[in-house]
Amino acid sequence: MLRIAQTLTQQLQEAITRAYPEAAEPAAASGQPLDPQLAPASKPEFGDFQANGALALARGLGQSPRAIATAIARQLTVDAAFAELCLEPQIAGPGFINLTLRPERLAAELAARLGDPRLGVERAQAPGGGSAAPVIVDFSSPNIAKEMHVGHLRSTIIGDALARVLEFRGHPVLRLNHVGDWGTQFGMLITHLKQVAPETLTTADAVDLGDLVAFYREAKRRFDDDEVFQAAAREEVVKLQGGDPVSLKAWGLLCEQSRREFQAIYDRLDIHLSERGESFYNPYLAAVVADLEATGLLVIDDGAGCVFLEGIKGKDGQPLPLIVRKSDGGFNYATTDLAAIRYRFAVPPSGDGAGRVIYVTDAGQASHFAAVFQVAGRAGWIPEGGRLEHVPFGLVQGEDGKKLKTRSGDTVRLKDLLDEAVERAEADLRRRLAEEDRSEDEAFIAHGATTVGHAAVKYADLSTNRGTNYQFSFDRMLALQGNTAPYLLYAFVRIQGIARKGGALEAPAQDPLVFDQPQEWALARQLLQFDAVIVEVEEELLPNRLCAYLFELSQIFNRFYDQVPVLKANGPARASRLALCRLTADTLRLGLGLLGIPTLDRM
RNA sequence: GGGGCUGUAGCUCAGCCGGAUAGAGCGACGGUUUCCUAAACCGUAGGUCGUGGGUUCGAGUCCCGCCAGCCCCGCCA
């Protein structure tokens, strides 16, 4: 319906110009044409679209909003193209113009979707028509030598969904896993392992990752308590970053082991990422600081290389520094993040040539990214038109409203969390099978439980606005009713049920489609909104908008399914209803797929 | 002290560029099944949108003050 909305906006603009040339022409000439403010109708009884522009024009024109709306509507009706598209426009309320598409046009739009694998979603056009600049989505980013835990859940799931939507829109997408594989932590860990478990540094898989995590904790404790150890650890970092072969070998082994553990989780969730950790940018760090020095941004303060931020003040009202070179000469994460931005925007072959860079990290890092983005901009690393965006998300909280922890107070491992979701889904399924006296084989149960469990975790996360903290609850996410993955999956299953009972969904569609029930029209209208929702997610980077759409679609479909017979209908009505079923199934499968959630035929 | 985010129904949350009577879901209460999976559908009750000002034809939405909670603030990421 995006294309229709564009057409209507243009027709409205022309109608305004015909009705009020003395106001519209100067406005258009100044590059600020009068905006008809076309929006989707806020309620079904208002039709398909509403134009709110008359209200805003009232003051400038010195007429009542209703009079203006009436004049615009009159001009619309003399436009033959408009009359072909819409019924008579209605003036309502203080001066809204309500527009209703002609039923035959809606039916024709729907029919056009039937053979279309993209379901009406256009491919994004590269500006200038050349090959598009890649979009980089930086997400997940666990730390080497640590296990993935709830803290990585949201970045991983949200980042993957955003990448899928951007890919579907036709952008080349680089999914980058900016793993923590460099920094001080390695100095600590390697120093400690040299002393207590040297074999781990020379032999692959000498210990498992759980032990490594324990070693890491010990190392961290020693680093905090023991000055001698701290000095040794710092020295080790310098060695590593300087390319010492022994340190590098140990580092490589640790990374390889962690990498396989991460991959197990990514495989379960069907998430694809290219690893490009912090270490990748090591060769570029010195150049970053040199660039900052050359542009005059670098200031040495207390021995540290700093860039003082504009508009961000510290404790005593002084500008806050971003430290890019520590007083010991080492670099820190700000330097790495700057090097990443610089590299990602740089023209190939010296960089990625990105047009848009998206960081999916928790909201706590907002000020860090604001600072880094500001410095990158002032250093001239962001090209004209380049977009650099932090996509923040809130904490995962337990049902007590506090940060999610295990009963013993530890952070929750991602693996355990997924396992529990699947176990609970399986218990649910088995109970239901027993209650309904159904019998299914173990493969069916395992596949269904795994799909539902993982889907529930993903959907629960994606369906809330990412900006706010999110309360994690197995009971809520696995519930069979409400805005949950099982509810959506079940709507899809119902359609597959119709297909199994003889509703040949793939048969050539009735032409033209004919509808006579309000439930059919409601479903048709919802199906046609899909393209607008996808474009909105691409722009706003809010997956919950897609979730809300799919939930509404499922609700509207369930109402239709409940109240309008499909297989018992005959002739054109049956064929038209089957077409609605087919499009609903296709939309659910595609939409859920863009969220990283596969569908089931039976459950 | 400075900065950021949040505050909407009993609970969990939506609310798009400022637009019509603020919406869902859960929970509560009441109804629906000879019919495509009732994992569904229909209905009822439930709101001072934290609070006080301001801008506007119009504010949950924008601006300012205040209250509450969370997060960040020089060499960790």
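Predicted model only: the values in this text are computed from it and were never measured. Throughout, protein chains are lettered first and strands after them, A, B, ... in sequence-line order, and every chain is numbered starting at 1.
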[atom1] spacing across the pair [N] / [M], given as an integer number of angstrom:
N: B/U48; M: B/C41; atom1: C1'; value: 35 Å
N: B/G15; M: B/G25; atom1: C1'; value: 14 Å
N: B/G60; M: B/G18; atom1: C1'; value: 11 Å
N: B/C71; M: B/C16; atom1: P; value: 27 Å
N: B/C42; M: B/G3; atom1: P; value: 50 Å

Across all strands, who's sitting opposite [N] as a Watson-Crick or G-U wobble pair, both distances under 3.5 Å?
N: B/G10; answer: B/C26
N: B/A40; answer: B/U32
N: B/G1; answer: B/C73

message: Would the distance check show the side chain of A/Gln50 and the main-chain N or O of A/Ser42 forming a donor-acceptor pair, the cut-off being under 3.5 Å?
response: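 Confirmed, A/Gln50 side chain pairs with A/Ser42 backbone.
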query: Start at the 5' end of RNA chain B and walk down; is the nucleotide closest to A/Ser42 or to A/Arg234 reached first?
result: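 Final value for this comparison: A/Ser42.
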- request: Nearest-nucleotide wise, let me know which of A/Arg438 and A/Asp328 is further upstream toward the 5' end of RNA chain B.
  value: A/Arg438
- prompt: How about A/Leu542 and A/Arg466: do any of their side-chain heavy atoms sit closer than 4.5 Å?
  reply: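 Side-chain contact under 4.5 Å: yes.
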- prompt: Do any side-chain nitrogens or oxygens of A/Tyr281 fall under 4.0 Å of OP1 or OP2 in B/A77?
  reply: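 No, A/Tyr281 has no side-chain N/O under 4.0 Å of OP1/OP2 on B/A77.
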